[in-house]
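In what follows, a single structure is set out as structure tokens and then discussed.
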Amino acid sequence: MSASHVYVLGEVVPSHFSPGIVAASYFASLCGCLLTIELLHRRGTALGNVRSWLETLGCATSMGLVGIWCMHFIGNRAIVLANGDSSMQLVYNSGYTTLSVFLPIIGLTMAFSAAEYPSRSKILHWCLLVCTGTFAGLSVVGMHYIGNFGVTNYRLQYVPRFLTASIIIAVGDCLLVLVLFYTLRERWISSWWKRLLCASLLAGGVSAMHFTASTKCIYRFRGYNGDSAIQSRNTQVAVAGALSGLAGFIVVGVLFFTRHRSRLLKIRSQKVMLACAMFDPDGKILVTTEGVLPAREITDKYQHRTFSEDFDTAHPVFQWIFRVTRSWSSVSEQIPHMKSHLAAHSIESDDDSKPASSASSAQYDPETYSDYSIVFRERFCCAAASLAAAMHLPTDRIGVLYDKIVDTGTLRADDKLGRRVVVPMTEALDVESGKTLKLFGRGQLLFLTKQLSSDDADKLLNAGFRFASVQQVGRHIAETMQIPLPTLEYHTACLRQYTHKLAETEKFGTWLSFFGLIPRPNSKGFDVGVKKDDQDQLPDAQLLSTEPEQWQAEFLQRMDGLRTRSAMTFLEDRNNTDVQREPRQQHFASIMLHAMMSLSQQVPADWFREARFLARPVFAHYTQNARSRGTVTWLYSFCVITDMHTSLETCNGVARIPLTFFSARQRCYKGSPDHAILARDIHQEFGPLLARRIGGKPPKDRSRRVSLHRTKTPKKFPKPSTPRKADSRSSSLGHSDSTSVHELVDFPSKMGDVTTQEERGSELESWGGILVNSETVVKSSSNSDYSNDTRRLGLGTKVDVSTARQEDTFVDELMDATRTRFMPPKISY
């Protein structure tokens, strides 16, 4: 007998669940919940723009539409009424079905918005998280009962205890899962299985709520289903299944994309990369939603000119970009032109052609244009600008360059197979003593670092980034960089300390320092001993809290050239050199003696024993605090040139860095006049090159070019002059102390020569390209020996321009004094 003949209107129809469809409904909810968790994990954490609201709406849609709505209609398909006759199964009103779609989306949008609301109050933050779980749970409950309220062929009667239990399950599960997710989200950045577990618990709560409410539910028969109602019921289930399948497909796509990104990041560890290491006020480091540092590729590998050349902190190019990051304004205007030039250079490289000389300068010939150091510096600046754009920051706020280069791609085979090799910290990390662990690194990583304020951190959170502790993301970052985890932790700690020193360093008064030079192998110049914790400074001990008085300077002058033992003898007055030393002199001598004893504990004993005193004070700009920008530190120094094979293992507070790099660091303080000179040098070096790229190709006829020189008759060509030795202090691109280090840029013999076309338009363009800084000296003469055409251009007076030269730092002064006064004279045979 058919079901229509057994049941009458108003009669209770028995029901049971189909286990297979129950499992399918849970899988549908899991797809939606997993997609929601992944979207929440990758979205910004503040509601500051349209993008954030769209991301919140997307998360609410994936959860409400797939995780709840699709699960509901697939789960209701698991309810089998009567004998399974299609005319007796549940069918729904289209209006309530549509309403049940939008209700959970609206509720979840409110819930996720509450969780993302920026709040610095802990109490308000936890209240908002409770509201998030409550709204999400009520959205699940509301969708279920609104959807069931639209059943047209049955009147449903719920058991009160199961109805109450379903509400508790939905609200409690959402409250637990979402509070857990939002509280521990930073710790789950690189733990996909934790997010999967979170999504499984959320889907389990939605399914448990649904079937708990349906347990012992009474179905009173209202009428039979027609063909159209049966078709509509099948369509609803098909749509729900399709949406669930789409969500699952997207999740699988995200999984494959994540694995592809992981492989790509490991490949990038074999290249020269630029990464950002920014820290929030709590000391957490900035990472992407993938749990890695924001980074951009500079180049595949630095192209060395010789086998003995290394791209390290002694390299002039590294020192140039180190200074540029302290003065981004000197290069920021050139970055758009650099991008255009790199694009043109890439096309010309494909054609195997060298860039031609600029039409506006004789400083660049084809060899100079093809100089790889120019291309590398342009790529660095463009990579930094790309990072700044991704973070919605101006380039001058992207940070400063870290003073070390990290070798990447150094994991051993055992590491890559998962068997971690314990690397002793003393071997892997003692980079200052020159004993680095040779693991055949195939890549290099440069860091831009910065200490963020609370407002900057909130903006980056809103941009879609995360802040996490190194303990949470360190292993994942180390794997992508292909370096041992202890090395990453060491450099991260150094970066944190580095940013703190840049912001807080204050040094006043007069100090006794130690200037120890260490010859480098293969006649590559010198290293210098510096403080390990602050490599901008020499080892020192404070003498006075103020500047020295005249009598104190004269007292120290009597020690000039003395070795430490003789100096201590003089201070103690063992030989009775002073018949009657004044009390203030005795007190000052005891202060000086105490400072020498403190200094002797910082440096190796053989260094201290052989050092000689320099009584001429030098002046350092150690203070980095903006409030004390003009503060000058007075330094009196002991100087020594040590043995090449000296070891610093016994001195935990001293490190060695290249002398040229240490000198370059002293030009980077805030307010340094060398920043303006650096901007001038960049303009002179890159301006004509970049102007040529924008202006078009130079004419083939080079014989029509003339030169403008800083001479009496500007229209005459100069006579060839003998090349003079380049002064390392006159250019922002420094050079090594030794001639064995190859120069990277082919500087001309006359830096002031400027070539132009005879055409009037080119003359105007060339004169418009002169950069004049505050240190430029202009001498004019009213003598008129210019042509009438030149007069009409407004050039009726001759102008002699002499540009400023970089000031000597205290390092240069100490180096000169050490060479001239303390090195043994050369013996001629």
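Quick caveat, the model's predicted, so the values are computed rather than measured.
Between D534 and the options Q537, K532, K531, a side-chain hydrogen bond (donor to acceptor under 3.5 Å, both in side chains) holds for only Q537.
Between H491 and F447, a ring centre-to-centre spacing not shorter than 6.0 Å is recorded.
Remark: side-chain polar atoms of H621 are not paired, donor with acceptor, to backbone N or O of C668 under 3.5 angstrom. Put simply, the side chain of S386 never gets that close to the backbone of A383: no donor and acceptor are under 3.5 Å apart. With Y498 contributing its side chain and L401 its backbone, the two residues share a donor-acceptor pair below 3.5 Å. Counting only distance, with no hydrogens or angles, the side chain of R377 and the backbone of S373 share a donor-acceptor pair below 3.5 Å. Side-chain atoms of R656 never come within 3.5 Å of backbone atoms of L648 as a donor-acceptor pair (strictly under, hydrogens ignored). Judged purely by atom type and a 3.5 angstrom limit, T395 has no side-chain atom pairing as donor or acceptor with the backbone of A385. Judged by distance alone, with hydrogens and angles left aside, the side-chain atoms of W328 form no donor-acceptor pair with the main-chain N or O of V400 at under 3.5 Å. Between the side chain of Q666 and the main chain of F662, a donor-acceptor pair closer than 3.5 Å is present. Checking side-chain atoms of Q319 against main-chain N and O of T313 turns up a donor-acceptor pair under 3.5 Å. A donor-acceptor pair is defined here as one N or O able to donate and one able to accept, closer than 3.5 Å; such a pair exists between the side chain of Q444 and the backbone of F311.
What you find for L286 and F465 is that their closest heavy atoms are CD1-CB, 3.3 Å. Looking at every heavy atom in both residues, E813 comes nearest to D808 through OE2-O, 4.3 Å. Contact detail for V292 and I477: the closest heavy-atom pair is CA-CG1, 4.0 Å. Minimum heavy-atom separation, V331 to C381: CG2-SG, 3.9 Å. Across every non-hydrogen atom of T660 and A314, the tightest pair is OG1-O, 4.0 Å.
With respect to R667 and D812, a salt bridge is recorded, a charged nitrogen being found less than 4.0 Å from a carboxylate O. For the pair D456 and R397, the salt-bridge criterion is met [side-chain N within less than 4.0 Å of a carboxylate O].
Every residue meeting the side chain to side chain contact (heavy atoms under 4.5 Å, CB included) condition with H392, not counting sequence neighbours, appears here in chain and number order: R51, A463. When the side chain to side chain contact (heavy atoms under 4.5 Å, CB included) test is applied to Q303, the partners found at least two apart in sequence or on another chain are Y372. Checked against side-chain hydrogen bond (donor to acceptor under 3.5 Å, both in side chains), S637 has the following partners two or more places apart in sequence or in another chain: S513.
Counting heavy-atom neighbours within 6.0 Å of E297 CD, excluding the residue itself, gives a total above 12.
Side-chain atoms of Q451 and R496 form a donor-acceptor pair, as typed in the model, at a separation below 3.5 Å.
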| request: In sequence, state the C-alpha distance, the side-chain angles, and the governing distance for H341 and F686, and then conclude on ring pair (Phe, Tyr, Trp, His ring centres under 6.0 Å). | output: CA-CA 10 Å; H341 173 250; F686 288 91; 8.3 Å; no
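Looking at heavy atoms from C-beta onward, V528 lies out of side-chain contact with L814 at the 4.5 angstrom threshold. Within the 4.5 Å cutoff, the side chain of D536 has no heavy atoms near those of the Y669 side chain.
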